[in-house]
J.: 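Provided herewith is a single structure, encoded as structure tokens, for subsequent inquiry.
On a predicted model such as this, the values are computed, not experimentally measured, just so you know. Every chain is numbered from 1 and lettered A, B, ... according to where its sequence line falls, protein lines coming before strand lines.
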2 protein chains.
Amino acid sequence: MANIHHVAKEAGVSVATVSRVLNGQNSVTYKTRLKVEEAINKLNYEPSMLGRNLRNSESRILLILIPQISNPFYTEIIKGIEQTAISLHYNILLCETDSNPQREDIYFELVRNKMADGIISMDPAVNRESLAKLAEKHAIIQCSEYTPNSGIPYVTIDNEEAAYRAVNHLIQIGHRNIAMINSDETYLYAQQRRQGYQKALEEHGITFRSDYVLHTAELGFDYGQQAMKKILKLKNRPTAVFAVSDLLAIGALKEVNNQRLKVPQDIAIVGFDKIDFSNMTYPTLTTISQPMYKMGKIAASMLINRIKGNPVESVILEHELVIRGSTAGY
Amino acid sequence: MANIHHVAKEAGVSVATVSRVLNGQNSVTYKTRLKVEEAINKLNYEPSMLGRNLRNSESRILLILIPQISNPFYTEIIKGIEQTAISLHYNILLCETDSNPQREDIYFELVRNKMADGIISMDPAVNRESLAKLAEKHAIIQCSEYTPNSGIPYVTIDNEEAAYRAVNHLIQIGHRNIAMINSDETYLYAQQRRQGYQKALEEHGITFRSDYVLHTAELGFDYGQQAMKKILKLKNRPTAVFAVSDLLAIGALKEVNNQRLKVPQDIAIVGFDKIDFSNMTYPTLTTISQPMYKMGKIAASMLINRIKGNPVESVILEHELVIRGSTAGY
DNA sequence: TATGGATTTGTAAACGTTTACAAAAGATGC
DNA sequence: GCATCTTTTGTAAACGTTTACAAATCCATA
């Protein structure tokens, strides 16, 4: 396979000149440029990124850490990241961590190894210490989930406020027995949403009941369904449920349907994320919409700025409550 | 940042010896190995993949081409690919093509550039000529969608047979007016599933009606919903629908619900792929299950074999009809 | 204590680029 | 035609590894 030396020879110039043509430098005479381009075509030459990357000590690869590929919440964010990355000639490596520190380590290793130029972490279960340590020497951005005061820049929404609005909405339409399906509260977003939930209750003089707050080990339909099973067995059965993820909410909805109860008449449900599916359920799901695409774009440009050594500021984006069938007349 | 020369100096040995320690070669004396490891720790040395990759002329990156990240059909396959890849120390780069030749070209370029060692293509809309051309010099595998007689090895299921079984099931439970929601028939899988559909009809003496076959531009809820809208307006309204994707089927189901018709009593629906969400709908969706994880694992090991220069054979995997609520009593 | 063979270590080239610097060529003015 | 300045081109080092080959060391044996 042809390399830059072959091209140089064929064109009768030096490798430096070929390189200059390749990189579009304009200190090359029209005539020689032509000769070089001819040689390139003749030899079917394709410059090797390996050589270039080594020389420039960059890989032009960005890592995206997510816990599960299958959670559609991330797909829109990823699209945003990708769009920005590609337009700036970076490629993205999607890394599923399964919230497993060992998997995580493989990916951290890639940036230490220079195989990747930076990381956008969206994994709530990320090892915060390792990440902070890595961030001392490498470009890291957190997206959606973040670590306060870690010095790692992030882009996210105001989770407490979002949860507050969701629960407030339930209260507005008359509910007072409102359960919450939360995920593991070691995650910051889970803590924040829980706080929003409590804040809304308190503001309306509703006593907080700890048995009304369920926790799931993971985000997934099944977990939501299991949680709803428990909720429906509670004495003083709640009339509304706020789930911190659409996946959980959809699983919960399924269980309500299974038990021949009506949504929203018997139980109202609010989700979180506004994933595509949330509009396909019966009834459609009231949920919190995050600007996922935008979040991805911002995360990517923050990261690339970081890589270039520019200073970057954390960003908090707007969210929106989308009222649909699961809390309203259908 | 420390490199292999620094380590060599620190340990008082040559770079060759350090390299040997790094690569676990056993021609190194215990004593010197210890010295080297000490130096490595002391300097916090991390070998650079860039240097290694250039020297070995490999990148250890595999490309996965899919049309849309958001289609959950692919996520399970990707998991399978990833699992195999990681265990063999490869990384995967997920490439969303949007079925856009330009996007595709960016990724093809990556393998020509040596930035990736091979490709698993799952994009039905891939440019078959470009791909075949690329496959002359590089390792390529097709997964799910393939190009017959192109010489590119593939792993897939028998789409015709699967569709045949799906439609056969509808006929068995008494339907004779069966519509089909197909995607673009330029794709092989769409042609094959259409053939299976027709075969089942023919075998039971049901006349094929071309107005019963709808086509969608893309796979997505909305497209399925639109198609179902048209179906419900047909004179001689079908009593059953076979959709070539769960996404389409779920969109279709949504429309039936919207129009206050009952599934399966008024309209029975069969989907394809058995995505997670197909079990969350109301009613649950009868569908064809593909061994997606396995498919991914096989595709990955085929590709890695190809990269190593070993010969590989195409594979056709088993599928299964999963009967659920949308065609049965609930 | 040589001798020879086996084992361990070192030297230097190679992978394919980019780029600082030097050299050559071309343009300008007198 | 020559000196000077500007533009274009070439030379060679550098990025960080691996590895063929050569050199050095070790060990057993006569």
Side-chain angles (χ1 to χ4, degrees), chain A residues 1-40 43-61 89 109-117 137, chain B residues 1-40 43-61 89 109-117 137:
Chain A
M1 187 137 286
N3 65 21
I4 200 170
H5 288 98
H6 299 141
V7 175
K9 198 166 197 181
E10 176 71 29
V13 300
S14 75
V15 290
T17 303
V18 177
S19 175
R20 282 189 268 256
V21 171
L22 251 30
N23 293 286
Q25 274 167 280
N26 52 1
S27 83
V28 180
T29 251
Y30 179 72
K31 239 178 75 184
T32 49
R33 155 165 287 121
L34 227 61
K35 277 195 299 182
V36 171
E37 279 166 354
E38 234 165 55
I40 288 177
L43 300 179
N44 270 311
Y45 167 71
E46 298 271 352
S48 155
M49 283 294 169
L50 296 179
R52 179 174 293 173
N53 288 350
L54 173 60
R55 169 63 210 220
N56 297 343
S57 46
E58 61 175 11
S59 64
R60 301 204 83 85
I61 288 184
H89 299 106
E109 198 67 17
L110 285 182
V111 357
R112 288 194 217 102
N113 279 337
K114 306 263 176 81
M115 193 66 227
D117 293 344
K137 303 212 166 214
Chain B
M1 186 136 287
N3 65 22
I4 200 171
H5 287 98
H6 299 141
V7 175
K9 199 166 198 179
E10 175 73 28
V13 300
S14 74
V15 291
T17 302
V18 178
S19 175
R20 282 188 269 258
V21 171
L22 251 30
N23 293 286
Q25 274 167 278
N26 53 1
S27 83
V28 180
T29 248
Y30 179 72
K31 238 178 75 183
T32 49
R33 153 166 287 122
L34 226 60
K35 278 195 297 182
V36 171
E37 280 165 354
E38 236 164 54
I40 288 177
L43 300 179
N44 271 311
Y45 166 70
E46 298 271 354
S48 155
M49 283 294 169
L50 296 179
R52 180 174 292 173
N53 288 348
L54 174 60
R55 168 64 209 219
N56 297 342
S57 45
E58 62 176 10
S59 64
R60 301 203 82 84
I61 287 184
H89 300 105
E109 199 67 16
L110 286 182
V111 356
R112 288 193 217 105
N113 279 337
K114 306 264 174 81
M115 193 65 228
D117 293 345
K137 302 211 166 214

J.: Quick one: closest heavy-atom pair of A:L22 and A:P47, and the distance?
T.: CD2-CB, 4.3 Å
J.: Counting side-chain heavy atoms from CB outward, which of D:dT17, C:dG16, C:dT18 is closest to A:N56?
T.: C:dT18
J.: With sugar-phosphate meaning primed atoms plus P, OP1 and OP2, does B:L50 contact a base, only sugar-phosphate, or nothing at under 4.0 Å between heavy atoms?
T.: nothing
J.: Contact class for B:E58 vs. all strands (heavy atom < 4.0 Å): base, sugar-phosphate, or nothing?
T.: nothing
J.: D:dG16 C1' sits how many Å from B:L54 CG, rounded?
T.: 8 Å
J.: Is the phosphate of D:dG10, meaning OP1 or OP2, less than 4.0 Å from a side-chain N or O of A:T17?
T.: yes
J.: Which listed nucleotide (C:dT18, C:dT9, D:dT17) is nearest to the side chain of B:R55?
T.: D:dT17
J.: How is B:S19 classified with respect to the nucleic acid when contacts are heavy atoms under 4.0 Å: base, sugar-phosphate, or nothing?
T.: base
J.: Could you give the distance from CG (A:L50) to CG (B:N56), rounded to the nearest 0.5 Å?
T.: 10.0 Å
J.: Output the rounded distance in Å from NE2 (A:H5) to P (C:dA14).
T.: 11 Å
J.: Does a nitrogen or oxygen in the side chain of B:T32 sit under 4.0 Å from OP1 or OP2 of C:dT9?
T.: yes
J.: Can you check the B:N113 CG to C:dT17 P distance for me, whole Å?
T.: 9 Å
J.: Looking only at the side chain of A:R52 (C-beta and beyond, no hydrogens), which of the listed nucleotides C:dA14, C:dT18, D:dT11 gets closest?
T.: C:dT18
J.: Atom CG of B:N53 and atom C1' of D:dG16: how far apart are they, to the nearest Å?
T.: 11 Å
J.: For A:H6, which of A:I40, A:L43, A:V18, A:V15 qualifies under side chain to side chain contact (heavy atoms under 4.5 Å, CB included)?
T.: A:L43
J.: Salt-bridged, B:E109 to B:R112, with N to O below 4.0 Å?
T.: yes
J.: How is A:Q25 classified with respect to the nucleic acid when contacts are heavy atoms under 4.0 Å: base, sugar-phosphate, or nothing?
T.: nothing
J.: Just the rounded figure in Å: distance from C1' of C:dT18 to CZ of A:R60.
T.: 14 Å
J.: Under 4.0 Å between a side-chain N or O of A:Y45 and OP1 or OP2 of C:dT17?
T.: yes
J.: Scan B:S27 against the nucleic acid and name what it touches under 4.0 Å (heavy atoms): base, sugar-phosphate only, or nothing.
T.: base
J.: Mind calculating the distance between NZ (A:K114) and P (D:dG16) to the nearest angstrom?
T.: 6 Å
J.: For residues A:S27 and A:R20, report the shortest heavy-atom separation together with the two atoms involved.
T.: OG-CD, 3.7 Å
J.: Choosing from C:dT19, C:dT11, C:dT18, which nucleotide comes nearest the side chain of B:V15?
T.: C:dT11
